[in-house]
A.B. asks: 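Just passing along the structure, written as structure tokens.
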Amino acid sequence: MTQQVIGRPLRVSAREVWRGGSQELIDWFVDHPSALNDMLDLPFVSVQRGRVNSSYAVDLLAEDAEGRPAVIEVSLSRSGNAGLGRLITYASVLQAGTAVWIVEDITAEHVSAVGWLNRGSIDIHVDRFGPDLIHSPSSVGVFGAEMAV
């Protein structure tokens with residue numbers, strides 16, 4: 001009988017494993033989709049590098065068993081508003097059934113924001129408010145504001 005040695009689990013930073021950064025981890029997930037499924041406990045049938053349109057490129061685009069898209073953003077750094085904003089934008093454009101943010105160090109504020117979004121307890125309204133150039137003979141140029149619903 002062969003004796004197995006069981007060691008202590010060792011916590012290491014994802015940046016130590018994937019020294020090439022987020023892009024290296026993204027490539028690894030594309031090559032090992034079952035690891036992503038196991039980690040998230042979500043049954044994706046496909047995982048690939050994603051593109052939303054010519055202006056936006058989601059890190060990973062997956063599909064669940066019912067054919068619904070899932071967007072996955074990956075960051076091997078501290079969570080930031082830009083990452084969360086990209087995730088929300090990609091999920092809305094693709095009408096994703098699932099949005100996943102893989103981040104190594106998430107702030108309490110971002111944990112709160114994700115929980116709040118998951119509760120879906122708010123209606124968000126957006127109004128356009130921006131400067132428009134108004135020209136009149138008596139002025140060189142005056143900035144006014146226009147608000148449209």
Side-chain angles (χ1 to χ4, degrees), residues 4 6-135 141-149:
Q4 290 186 323
I6 300 174
R8 294 184 79 146
L10 176 65
R11 273 188 187 248
V12 296
S13 164
R15 284 176 281 202
E16 290 180 42
V17 177
W18 288 280
R19 294 183 190 271
S22 296
Q23 293 306 312
E24 188 176 321
L25 177 56
I26 291 164
D27 292 340
W28 189 83
F29 279 136
V30 169
D31 293 339
H32 303 89
S34 62
L36 185 64
N37 288 345
D38 292 345
M39 182 181 90
L40 300 173
D41 196 28
L42 293 169
F44 297 133
V45 295
S46 71
V47 176
Q48 60 190 336
R49 284 191 167 277
R51 183 166 271 315
V52 174
N53 62 32
S54 61
S55 300
Y56 300 110
V58 63
D59 290 338
L60 293 167
L61 183 59
E63 185 177 295
D64 67 17
E66 291 152 18
R68 293 178 303 182
V71 295
I72 304 165
E73 273 295 294
V74 178
S75 175
L76 291 184
S77 59
R78 189 172 182 91
S79 63
N81 295 340
L84 182 56
R86 282 191 304 272
L87 183 68
I88 293 167
T89 300
Y90 301 152
S92 68
V93 168
L94 291 169
Q95 295 295 295
T98 303
V100 177
W101 193 16
I102 297 172
V103 61
E104 184 168 14
D105 181 19
I106 189 164
T107 66
E109 293 83 4
H110 289 125
V111 169
S112 176
V114 169
W116 181 75
L117 288 166
N118 282 336
R119 288 190 298 277
S121 58
I122 187 168
D123 290 329
I124 298 175
H125 300 276
V126 177
D127 293 326
R128 180 186 172 276
F129 184 81
D132 291 316
L133 183 62
I134 301 171
H135 179 71
V142 179
F143 282 96
E146 174 189 317
M147 200 154 164
V149 178

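For this chain, numbers begin at 1 and follow the sequence in order.
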A.B. asks: Looking only at heavy atoms, what is the nearest atom pair of S13 and E104, with distance?
C.D. replies: OG-OE2, 2.7 Å
A.B. asks: Atom NE2 of H32 and atom CG of L25: how far apart are they, to the nearest 0.5 Å?
C.D. replies: 11.5 Å
A.B. asks: Of all heavy-atom pairs between V45 and D64, which one has the smallest distance, and what is that distance?
C.D. replies: CG2-O, 3.6 Å
A.B. asks: Using side-chain heavy atoms (C-beta onward) and a distance below 4.5 Å, is V71 in contact with V93?
C.D. replies: no
A.B. asks: Rounded at 0.5 Å granularity, tell me how far CD1 in I88 sits from CH2 in W101.
C.D. replies: 8.5 Å
A.B. asks: If every non-hydrogen atom of A70 is compared with every non-hydrogen atom of F44, which pair is closest and at what distance?
C.D. replies: CB-CE2, 3.4 Å
A.B. asks: Counting C-beta onward and ignoring hydrogens, is there a side-chain heavy-atom pair between Q23 and V74 closer than 4.5 Å?
C.D. replies: no
A.B. asks: Within the structure provided, determine whether V17 and W28 are in side-chain contact (heavy-atom separation under 4.5 Å).
C.D. replies: no
A.B. asks: Check I102 against M39 and note the closest heavy-atom contact, atom names and distance.
C.D. replies: CD1-CE, 3.6 Å
A.B. asks: Are R78 and T107 close enough that some pair of their side-chain heavy atoms sits under 4.5 Å apart?
C.D. replies: yes
A.B. asks: So which atom in N81 and which in H110 form the shortest heavy-atom distance, rounded to 0.1 Å?
C.D. replies: OD1-NE2, 2.8 Å
A.B. asks: To the nearest 0.5 Å, how far apart are CG in D27 and CG in L60?
C.D. replies: 9.0 Å
A.B. asks: Rounded to the nearest 0.5 Å, what separation is found between the OG atom of S75 and the CG atom of L84?
C.D. replies: 11.5 Å
A.B. asks: With no hydrogens and no angle check, is any side-chain donor or acceptor of E73 less than 3.5 Å from a backbone partner on V58?
C.D. replies: no
A.B. asks: Please round to the nearest 0.5 Å and tell me the distance separating atom CD1 of I72 and atom CG of L87.
C.D. replies: 9.5 Å
A.B. asks: Tell me, do L36 and V100 make a side-chain contact under 4.5 Å, heavy atoms counted?
C.D. replies: no
A.B. asks: Taking C-beta and beyond as the side chain, do L94 and L61 meet within less than 4.5 Å on heavy atoms?
C.D. replies: yes
A.B. asks: Which atom names give the shortest non-hydrogen contact between V103 and S77, and what distance separates them?
C.D. replies: CG2-O, 3.2 Å
